[in-house]
Amino acid sequence: MKRKLMAILFLGMAFWIGGQTAWAGTAVYSNPVLGYRVSYPDDMQLDQSLGNMCTVFRNGECQIEIYYQPLKQSSYLSYVNYSNSGFLQNRVDHQNCWTGKQTVNGHKVQITKWHRAKLKNIENDFNFYYTVDVRRSETEAYSIFIKANRDISGDAKYMQVVNSLTFLQPQGKNEPVSFKESAEETQVRVDRLNMETKYLLQNYFSADAPLTWGIFEPTAPGDLSKLMKLEVQMGQRFKFLLYYHHLFGSVPIDTVVKGLQSAYDNGYITELTLQTGNYNQDNAMYDILNGEYDDYFTRYAQAIAKFEHPVLLRFGNEMNGDWCIYSAWHTGKDTEIYKKCYRYIYDIFDKNGANNVLWVWNPNEKSFPNFTWNAMELYYPGNEYVDIIGLTGYNTGTYYKGESWRSFDEIYGNMYQTYRNMFSQPLMITEFACSGIGGDKAAWIADMFQQLHKYPDIKVAIWWNGCDWVVPGEVPARPYWVNETAQTLESFKQGWEAQTAALKTKTEQANAAQETIGDGATKEEVN
């Protein structure tokens, strides 16, 4: 028995020593703002491009991410369970899942470990995952998220990050993330577009462009009769039309293109939204990155390119919401899956000459779960892949427990300032509305039009003219129809008329001032 125990100890020492000699040395990283310090292998690059949102250490076989999580609205246990519950339900893609509680360096932690199959279109795919959720106090936690191209859960080289975690007294200011780009970088992105699409971008999204209205009408563009009836009631026409397509569903690509053509022929610009869903037991994002739909997306890109006219393309909107299967909540808390999939589809469209596409990136107003690892910034694919930034926030009303009646300013005030400071691209509200349950909807609409002048960088706003049902067709939970009542219709009509009249007056004054300048220049030349 002694010999057997000695052999085990010897092998354990050999593993540890082997681990020690596998890397050159150790570096130390301290984050005074978020109050922690760790040791990490010095062959890993430190990436702080996301500020204190996420600290990243990376080398050719492993990436380690550290997140700080305030526990203001949930307990440590709720945080851990909610974070992991989404992807752990999918045992088709996520295999050998294991969870356990331990004490590491005096800290109570929960460890979760799993892996998935390698995806052929991700070079050097990091498909082995190991996360450690550390409880600091009743109100604070840290998450150490490790992914690698092999199982590193027993590798002392990388486990030192977990074992060395030390708490510090937080001090200093947390700076916001910025994705601002230079004018030259913007121009490179714009130069790829065809002339008609460049004109649209300039006409509707330039700094001096006024707000333009769009709408989602469930029957359009296949049937435009309801939309046109609404426009007659409004006395004005909407310019942008929101159109959803469930990828890999029953609606073929040819039907989508016919819809785009119908919209264009009737004077509309389409915001085409592409979404994946639970089409099988597994997650479509993995299948896309595995190349299983290359032919489908190639045909899609070629069809859009052949259409030639401008299309606003919005892939995987509200990705920071757990109701979306493409959210990281469903893909192992790995926001890189969304970003790689977005870029992958973008590249297919680019290679097939779809220079009539304006790419719209559009998170939800709030993240669900509202945890740091699921923050909208972590889903951003990069400036070269995004032409327009989409904002989405609803006054959902009060039908469901926990929801509250909120004004337009309450929804968009902070979000607008955050996005303005973070991005260089033009802004649009890709979809929004006010429910008819919980308050005075007509008054809400009137107030919205009174507040819109404070949001000059929002260039397009699209009203979602539909309903979220409890029982389809019978019990509405969130009736969003703008013409729900005669009062709501009249409120929107009056607000829009006043906006249009103000714009007309402003344009006339600008033209008159220009004529005066022209007349002055002519007189000076004569004299």
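One is the number of the first residue; the rest follow in order along the sequence. Since we're looking at a predicted model, the values are computed, not measured. We use all heavy atoms of the structure for the numbers below, so side chains are in, but hydrogens, waters and symmetry mates are not.
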**Asked** Is there side-chain contact between Tyr346 and Trp359, with heavy atoms separated by less than 4.5 Å?
**Response** yes
**Asked** Do the side-chain N and O atoms of Glu181 and Ser424 include a donor-acceptor pair separated by under 3.5 angstrom?
**Response** no
**Prompt:** Charged N to carboxylate O below 4.0 Å: is that the case for Glu431 and Arg314?
**Reply:** yes
**Request:** Consider only side-chain N and O atoms of Glu308 and Asn194, and report whether a donor and an acceptor are under 3.5 Å apart.
**Result:** no
**Donor-acceptor side-chain pairing of Gln261 and Asp265 below 3.5 angstrom** = yes
**Request:** Classify the angle between the aromatic ring planes of Tyr300 and Tyr296 as parallel (below 30°), tilted (30 to 60°) or perpendicular (above 60°).
**Result:** perpendicular
**Request:** Given salt bridge (charged side-chain N to carboxylate O under 4.0 Å, His left out), test Asp457 with Arg420 step by step and report yes or no.
**Result:** CA-CA 8 Å; Asp457 287 349; Arg420 281 186 75 191; 2.8 Å; yes
**Prompt:** Which of parallel (below 30°), tilted (30 to 60°) and perpendicular (above 60°) describes Tyr338 and Tyr326?
**Reply:** tilted
**Prompt:** After noting the C-alpha distance and the side-chain angles of Tyr455 and Phe408, does the key distance pass the ring pair (Phe, Tyr, Trp, His ring centres under 6.0 Å) rule?
**Reply:** CA-CA 11 Å; Tyr455 302 85; Phe408 184 87; 5.3 Å; yes
**Message:** Counting only heavy atoms from other residues, nucleotides and ligands, does the tally under 6.0 Å from CD of Gln73 exceed 12?
**Reply:** no
**N/O donor-acceptor pair under 3.5 Å between His94 side chain and Phe87 backbone** = yes
**Message:** Between the side chains of Lys118 and Asp125, is the shortest nitrogen-to-carboxylate-oxygen separation below 4.0 Å, so that they form an ion pair?
**Reply:** no
**Message:** With a 3.5 Å distance limit and no angle check, can you tell me whether Thr335 reaches the backbone of Leu378 through a side-chain donor-acceptor pair?
**Reply:** yes
**Request:** Please step through side-chain contact (heavy atoms from CB on, under 4.5 Å) for the pair Asn465 and Tyr480, ending with a clear verdict.
**Result:** CA-CA 6 Å; Asn465 202 48; Tyr480 288 131; over 6 Å; no
**Asked** How about Arg406 and Tyr394: does a side-chain donor come under 3.5 Å of a side-chain acceptor?
**Response** no
**Asked** Would a distance-only check, ignoring hydrogens and angles, find a side-chain to backbone donor-acceptor pair under 3.5 Å from Asn96 to Trp114?
**Response** no
**Request:** Kindly determine whether Asn395 and Ser435 satisfy side chain to side chain donor-acceptor pair (under 3.5 Å), including the steps that lead there.
**Result:** CA-CA 6 Å; Asn395 177 22; Ser435 172; over 6 Å; no
**Asked** Checking Asn362 side chain against Ile389 main chain: does a donor-acceptor pair fall under 3.5 Å?
**Response** no
**Asked** Is there side-chain contact between Trp464 and Phe432, with at least one heavy-atom pair below 4.5 Å?
**Response** no
**Prompt:** Has the side chain of Ser83 got a donor or acceptor atom that lies under 3.5 Å from a matching backbone atom of Tyr79?
**Reply:** yes
**Prompt:** Which residues pass the ring-ring contact (aromatic ring centres under 6.0 Å, His included) test with Phe368, sequence neighbours left out?
**Reply:** Trp323
**Message:** Please determine whether side-chain contact (heavy atoms from CB on, under 4.5 Å) holds for the pair Glu65 and Ile144, giving the CA-CA distance in whole Å, both sets of side-chain angles, and the decisive distance to 0.1 Å.
**Reply:** CA-CA 6 Å; Glu65 304 165 7; Ile144 301 176; over 6 Å; no
**Request:** Assess Arg237 against Tyr268: is NZ or CZ under 6.0 Å from the centre of the six-membered ring, and within 45 degrees of the ring's axis?
**Result:** yes
**Message:** What I'd like to find out is whether the side chain of Lys147 reaches to under 4.5 Å of the side chain of Lys333, using heavy atoms alone.
**Reply:** no
**Request:** With side chain to side chain donor-acceptor pair (under 3.5 Å) as the test, would you mind laying out the steps for Thr392 and Asn364 before giving the verdict?
**Result:** CA-CA 5 Å; Thr392 294; Asn364 190 56; 5.6 Å; no
**Item:** Aromatic ring pairing Phe492/Trp213, orientation class (parallel under 30°, perpendicular over 60°, tilted between)
**Value:** perpendicular
**Asked** Between Glu384 and Arg189, is there a salt bridge with N-O shorter than 4.0 Å?
**Response** no
**Request:** Applying ring-ring contact (aromatic ring centres under 6.0 Å, His included), name anything that partners Phe423, two or more places apart in sequence or on another chain.
**Result:** Phe179, Trp361, Tyr380, Tyr419
**Message:** Is the shortest side-chain heavy-atom distance between Asn203 and Leu200 below 4.5 Å?
**Reply:** no
**Message:** Measuring only between side-chain heavy atoms, which start at C-beta, is Trp98 closer than 4.5 Å to Thr112?
**Reply:** no
**Complete:** In this structure, CG of Leu227 is separated from CE of Met234 (nearest 0.5 Å) by 10.5 Å
**Item:** Exercise: do Asp347 and Tyr342 side chains pair donor with acceptor under 3.5 Å
**Value:** no
**Item:** Worked check of side chain to side chain donor-acceptor pair (under 3.5 Å) between Gln275 and Asn317
**Value:** CA-CA 7 Å; Gln275 298 176 326; Asn317 62 304; 2.8 Å; yes
**Prompt:** Do Lys120 and Asn290 have side-chain atoms, one donor and one acceptor, less than 3.5 Å apart?
**Reply:** no
**Request:** Might you confirm whether atom NZ of Lys180 has over 12 heavy atoms from other residues, nucleotides or ligands at distances under 6.0 Å?
**Result:** yes
**Asked** Is Phe349 close to Lys351 at the side-chain level, that is, under 4.5 Å between some pair of heavy atoms?
**Response** no
**Request:** Using only heavy-atom distances, determine whether the side chains of Asn124 and Asn149 contain a donor-acceptor pair under 3.5 Å.
**Result:** yes
**Item:** Check against side chain to side chain donor-acceptor pair (under 3.5 Å), His115 and Tyr130
**Value:** CA-CA 9 Å; His115 77 268; Tyr130 187 90; over 6 Å; no
**Pairing residues for Lys226 by the side chain to side chain contact (heavy atoms under 4.5 Å, CB included) criterion, not counting sequence neighbours** = Glu217, Thr219
**Prompt:** Hey, are Asn174 and Asn52 close enough side-chain-wise for a donor-acceptor pair under 3.5 Å?
**Reply:** yes
**Message:** Hydrogens and angles aside, do Arg58 and Gln45 bring a side-chain donor and acceptor to less than 3.5 Å of each other?
**Reply:** no
**Message:** Counting C-beta onward and ignoring hydrogens, is there a side-chain heavy-atom pair between Gln48 and Val56 closer than 4.5 Å?
**Reply:** no
**Message:** When you measure from the side chain of Lys459 to the backbone of Ala209, do you find a donor-acceptor pair of N or O atoms at a distance under 3.5 Å?
**Reply:** yes
**Asked** Centroid-to-centroid, Phe371 to Tyr67, below 6.0 Å?
**Response** no
**Request:** Measure up the His309 and Tyr264 rings against each other and bin them: parallel (under 30°), tilted (30 to 60°), perpendicular (over 60°).
**Result:** parallel
**Message:** If we ignore hydrogens and angles and just use 3.5 Å, is the side chain of Glu185 paired with the main-chain N or O of Ser182 as donor and acceptor?
**Reply:** yes
**Prompt:** Got a donor-acceptor contact below 3.5 angstrom from the Lys258 side chain to the Ile253 backbone?
**Reply:** no
**Request:** Indicate yes or no: at least one non-hydrogen side-chain atom of Val256 is less than 4.5 angstrom from one of Phe307.
**Result:** no
**Message:** Once you measure the plane-to-plane angle for Trp496 and Phe238, does it fall in the parallel (<30°), tilted (30-60°) or perpendicular (>60°) bin?
**Reply:** tilted
**Prompt:** Going by distance alone, is a donor N or O of one side chain under 3.5 Å from an acceptor N or O of the other, for Asp334 and Thr331?
**Reply:** no
**Contact summary for Thr488 and Ile445, nearest pair of heavy atoms** = O-CD1, 3.8 Å
**Asked** Quick check: does any side chain N or O of Ser327 sit under 3.5 Å from a backbone N or O of Trp329, one acting as donor and the other as acceptor?
**Response** yes
**Request:** Using modelled atom types only, decide if a donor and an acceptor are shared between the side chain of Asn352 and the backbone of Ala301 within a distance under 3.5 Å.
**Result:** no
**Salt-bridge criterion met for Arg478 and Glu403 (N-O under 4.0 Å)** = yes
**Message:** Looking only at the side chains, is there a donor atom on one of Tyr68 and Asn31 sitting less than 3.5 Å from an acceptor on the other?
**Reply:** no
**Prompt:** Among side-chain atoms of Tyr344 and Asn121, is any donor-acceptor pair under 3.5 angstrom?
**Reply:** yes
